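Residue numbers begin at 1 in each chain, while the letters A, B, ... track the order of the sequences. The basis for the numbers below is simple: all heavy atoms, side chains too, and nothing from hydrogens, waters or symmetry mates. For clarity, every value in this text was computed on a predicted model and none was experimentally measured.
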Number of protein chains: 2
Amino acid sequence: MKFEAFKDSVRLSMEDICEEFLARNRDRIKVKKDRVAVKNLAKIFEATLRVSNEKGFASMSLRDLSREAGLSMGALYSYISSKDELLDMVQQQGRSLVFKILGEHIEEIPDPREKLKAGIQTHLYLSEVVQPWFYFSYMETKNLPRGVHRKAIEAELFTEKIFAGIIEEGIGKGLFRKVDPQMTSAALKAMLQDWYLKRWKHERRRLSVEQYAEFVIELMSAYLDAKEEKGG
Amino acid sequence: MKFEAFKDSVRLSMEDICEEFLARNRDRIKVKKDRVAVKNLAKIFEATLRVSNEKGFASMSLRDLSREAGLSMGALYSYISSKDELLDMVQQQGRSLVFKILGEHIEEIPDPREKLKAGIQTHLYLSEVVQPWFYFSYMETKNLPRGVHRKAIEAELFTEKIFAGIIEEGIGKGLFRKVDPQMTSAALKAMLQDWYLKRWKHERRRLSVEQYAEFVIELMSAYLDAKEEKGG
DNA sequence: GTCTATATCTGGATAGAC
DNA sequence: GTCTATCCAGATATAGAC
């Protein structure tokens with residue numbers, strides 16, 4: 001699949017995402033009119049991601065945020081009840097997005113080789129479309145309070161498990177050689193994450209997400225197809 | 001090389017590192033007695049890394065730090081002149097450590113294959129010995145002010161260049177197939193970083209740094225040795 | 001050299017006018 | 001629904017005693 005086709009197929013605007021978010025959290029938001037709420041939530045999320053990814057969530061004051069979002073402090077507090085809750089809101093929405101899209105794009109594929117390929121592409125393409133969300137989730141995970149941190153860790157392991165499962169299936173069917181599915185999946189995940197964590201680097205090199213996807217697929221294929229014998 | 005042997009060979013205690021740091025920054029530190037200064041710097045660095053890696057540098061108050069380091073606020077300010085400077089101090093020391101150790105361990109090796117292997121091992125082993133430093137440097141890079149951020153980016157590209165150079169040499173000598181050295185090196189770096197960024201995961205899986213090093217070397221070898229032909 | 005005490009400021013959160 | 005004004009906890013940084 002080409003990136004442009006993917007982009008069209010998911011059609012994710014900030015407002016779409018916020019609309020879904022509002023529906024899921026209608027009780028927590030004081031503002032009653034949906035149109036108004038979605039519009040301002042979009043502003044708040046966008047500003048949170050922009051400012052946080054610049055200076056870190058902890059260093060972003062709510063005054064910064066209210067200025068950048070174009071809302072007063074008072075208005076801001078009609079949408080969030082605390083800064084911590086805002087963090088949770090953004091993370092939660094990012095996670096459910098990944099689960100949904102990744103699931104949709106790979107569940108129906110029977111061939112492990114094709115499934116792995118689709119998984120890699122989907123993960124990279126999605127992280128390209130909503131890069132600020134991915135970057136934010138990764139970077140702000142460590143600072144999470146209480147049980148929210150656990151959720152984030154589960155999310156990390158969730159996608160890893162998906163890839164490990166595909167690899168395991170491929171080994172079972174004799175398509176891949178006998179590697180450690182868990183470690184292989186972990187390494188793959190590291191490469192997928194590198195795409196959105198070091199965007200400045202890849203951008204500077206004029207590397208497209210399609211080129212990167214192809215590279216990762218080739219590297220993984222080389223490892224999964226290699227002969228068992230070892231030289232050296 | 002075995003990890004234990006590496007560990008002995010570098011013998012890096014927090015105090016050794018601080019001693020070197022003090023020598024390089026003698027003018028910035030008000031306390032005159034070297035013994036006292038080194039001892040307290042070690043406490044400050046150790047506490048900074050511990051608390052920051054727990055809750056993030058921005059969220060660490062200097063009260064937290066002074067308590068954790070066992071120094072009063074006043075004493076603390078005899079060693080640092082501001083919180084920003086502390087950030088710079090820790091990062092700077094981490095960087096110079098990496099350059100030194102990585103350089104020492106690979107410069108004399110002529111065979112690209114062996115050199116790559118040694119580079120991977122050294123990077124992983126070092127990040128294991130001084131994990132808090134690596135983690136801190138990675139996580140707190142984005143929040144840096146001014147030109148300090150540039151230094152951190154250069155450091156990222158520096159090690160990447162080392163590995164790209166080795167791969168390029170290997171290709172030139174006909175030992176590796178014709179891959180993109182820069183992209184390959186970037187992917188390798190992502191895997192090396194994963195080791196210290198997701199320590200919780202690897203620890204939980206009882207994975208040793210030697211096992212991980214072997215895995216990465218094998219994966220890279222598979223890619224670099226693979227046939228050019230591709231199955232569809 | 002290190003401590004306690006404190007000046008000063010910043011940021012999260014809220015009350016109440018519009 | 002949104003704004004301004006304000007409260008107050010907690011932060012950085014410093015002064016001056018010991």
Side-chain angles (χ1 to χ4, degrees), chain A residues 18-19 22 25-48 51-52 54-90 140 143-146 148, chain B residues 18 22 25-45 47-48 51-52 54-90 140 143-145:
Chain A
C18 290
E19 207 164 320
L22 181 63
N25 299 72
R26 202 62 196 84
D27 51 332
R28 289 208 287 185
I29 285 144
K30 295 199 191 84
V31 175
K32 291 299 163 212
K33 285 186 185 169
D34 282 8
R35 271 186 57 103
V36 177
V38 168
K39 193 191 68 184
N40 284 336
L41 272 175
K43 281 188 196 170
I44 292 169
F45 278 24
E46 187 276 330
T48 301
V51 180
S52 286
E54 180 79 18
K55 52 160 75 173
F57 183 79
S59 302
M60 175 190 75
S61 73
L62 292 185
R63 283 185 175 76
D64 288 344
L65 180 59
S66 81
R67 191 183 53 248
E68 293 293 317
L71 289 165
S72 67
M73 286 293 286
L76 189 58
Y77 271 89
S78 305
Y79 295 90
I80 63 170
S81 67
S82 76
K83 197 185 173 188
D84 277 355
E85 198 202 57
L86 173 62
L87 181 58
D88 192 27
M89 280 162 66
V90 176
E140 304 300 341
N143 306 340
L144 297 179
R146 309 172 311 269
V148 196
Chain B
C18 291
L22 182 63
N25 298 73
R26 203 60 196 88
D27 50 332
R28 289 208 287 186
I29 284 141
K30 296 198 190 83
V31 176
K32 291 300 161 211
K33 286 185 185 168
D34 282 7
R35 272 186 57 103
V36 176
V38 167
K39 192 192 68 182
N40 284 335
L41 273 175
K43 281 188 194 169
I44 292 170
F45 277 27
T48 301
V51 180
S52 286
E54 180 79 19
K55 52 159 78 173
F57 184 78
S59 302
M60 175 190 74
S61 74
L62 292 186
R63 277 188 179 79
D64 288 344
L65 180 58
S66 82
R67 190 184 52 247
E68 294 292 318
L71 288 165
S72 68
M73 287 294 287
L76 189 57
Y77 272 90
S78 306
Y79 295 90
I80 62 169
S81 68
S82 75
K83 198 184 171 188
D84 276 355
E85 198 202 56
L86 173 62
L87 181 59
D88 191 28
M89 280 162 67
V90 177
E140 303 300 341
N143 308 338
L144 297 179

Student: What's the OH-C1' distance between B:Tyr79 and D:dA13, to the nearest Å?
Tutor: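 Rounded to the whole Å, the gap is 18 Å.
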Student: Is any side-chain heavy atom of A:Val148 closer than 4.5 Å to a side-chain heavy atom of A:Leu87?
Tutor: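 No - every pair of side-chain heavy atoms lies 4.5 Å or more apart.
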Student: Do any pairs count as a side chain to side chain donor-acceptor pair (under 3.5 Å) and have a residue in residues 34-43 of chain A, sequence neighbours left out, and if so which ones?
Tutor: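 Qualifying pairs, neighbours excluded: A:Arg26-A:Asp34, A:Asn40-A:Tyr79.
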Student: Send over the distance from B:Lys83 NZ to D:dT14 C1', rounded to a whole Å.
Tutor: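 After rounding, the reported distance stands at 18 Å.
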Student: Return the residues of residues 28-35 of chain A meeting this criterion: a heavy atom under 4.0 Å from some atom of DNA chain C. Order them by number, or give none.
Tutor: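 The stretch gives none, as no residue of it lies under 4.0 Å from the strand.
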Student: Does A:Arg67 have any side chain to side chain contact (heavy atoms under 4.5 Å, CB included) partners at least two apart in sequence or in another chain, and if so, which?
Tutor: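 Once residues adjacent in sequence are excluded, the partners of A:Arg67 under the side chain to side chain contact (heavy atoms under 4.5 Å, CB included) criterion are A:Asp64.
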Student: Measure across A:Met89 and A:Phe45 and return the closest heavy-atom pair with its distance rounded to 0.1 Å.
Tutor: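 Taking A:Met89 first and A:Phe45 second, the nearest heavy atoms are CE-CE1, 3.7 Å.
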Student: How would you give the extent of chain B contacts on DNA chain C, as first and last nucleotide 5' to 3' within a 4.0 Å heavy-atom cut-off?
Tutor: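 Taking any atom under 4.0 Å from a heavy atom of chain B, the span is C:dG1 to C:dT4.
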Student: Report the residues that fulfil side chain to side chain contact (heavy atoms under 4.5 Å, CB included) with B:Ser72, sequence neighbours left out, ordered by chain and then residue number.
Tutor: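 B:Ser72 satisfies side chain to side chain contact (heavy atoms under 4.5 Å, CB included) with B:Ala75 once adjacent residues are dropped.
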Student: Nearest whole Å is fine: how far is D:dT12 P from B:Leu76 CG?
Tutor: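 Going from B:Leu76 (CG) to D:dT12 (P), I get 10 Å.
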Student: Taking all heavy atoms of A:Leu62 and all of A:Met73, pick out the closest pair and write down the distance.
Tutor: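 That would be O-SD, 3.5 Å.
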Student: Between the side chain of A:Lys30 and the main-chain N/O of A:Tyr77, is any donor-acceptor distance below 3.5 Å?
Tutor: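 Side chain of A:Lys30 to backbone of A:Tyr77: a pair is present.
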Student: For residues B:Leu86 and B:Leu65, determine if any side-chain heavy atom of one lies less than 4.5 Å from a side-chain heavy atom of the other.
Tutor: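 Yes, close enough: below the 4.5 Å cut-off.
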Student: SG of A:Cys18 to CG of A:Asn25: how many Å apart, nearest 0.5 Å?
Tutor: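 Here the rounded value is 11.0 Å.
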Student: Is there a residue in residues 58-69 of chain A whose heavy atoms reach under 4.0 Å of DNA chain C, and which residues are they?
Tutor: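 The answer is A:Met60, A:Ser61, A:Leu62, A:Arg63.
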Student: Within the structure shown, what part of the strands sits under 4.0 Å from B:Ser81 by heavy-atom distance: base, sugar-phosphate, or nothing?
Tutor: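 Counting heavy atoms under 4.0 Å across all strands, no contact is made by B:Ser81.
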Student: Let me know the distance between CD of B:Glu85 and C1' of D:dT12, rounded to the nearest Å.
Tutor: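 Checked: the CD to C1' distance equals 14 Å.
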Student: What are the two closest heavy atoms between A:Met60 and A:Ser52, and how far apart are they?
Tutor: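 Where A:Met60 meets A:Ser52 most closely, the heavy atoms are SD-OG, 3.8 Å.
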Student: Got a sec: does the CD of A:Glu85 have more than 12 other heavy atoms crowding it under 6.0 Å?
Tutor: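 Yes - once you tally the heavy atoms of other residues, nucleotides and ligands closer than 6.0 Å, there are more than 12.
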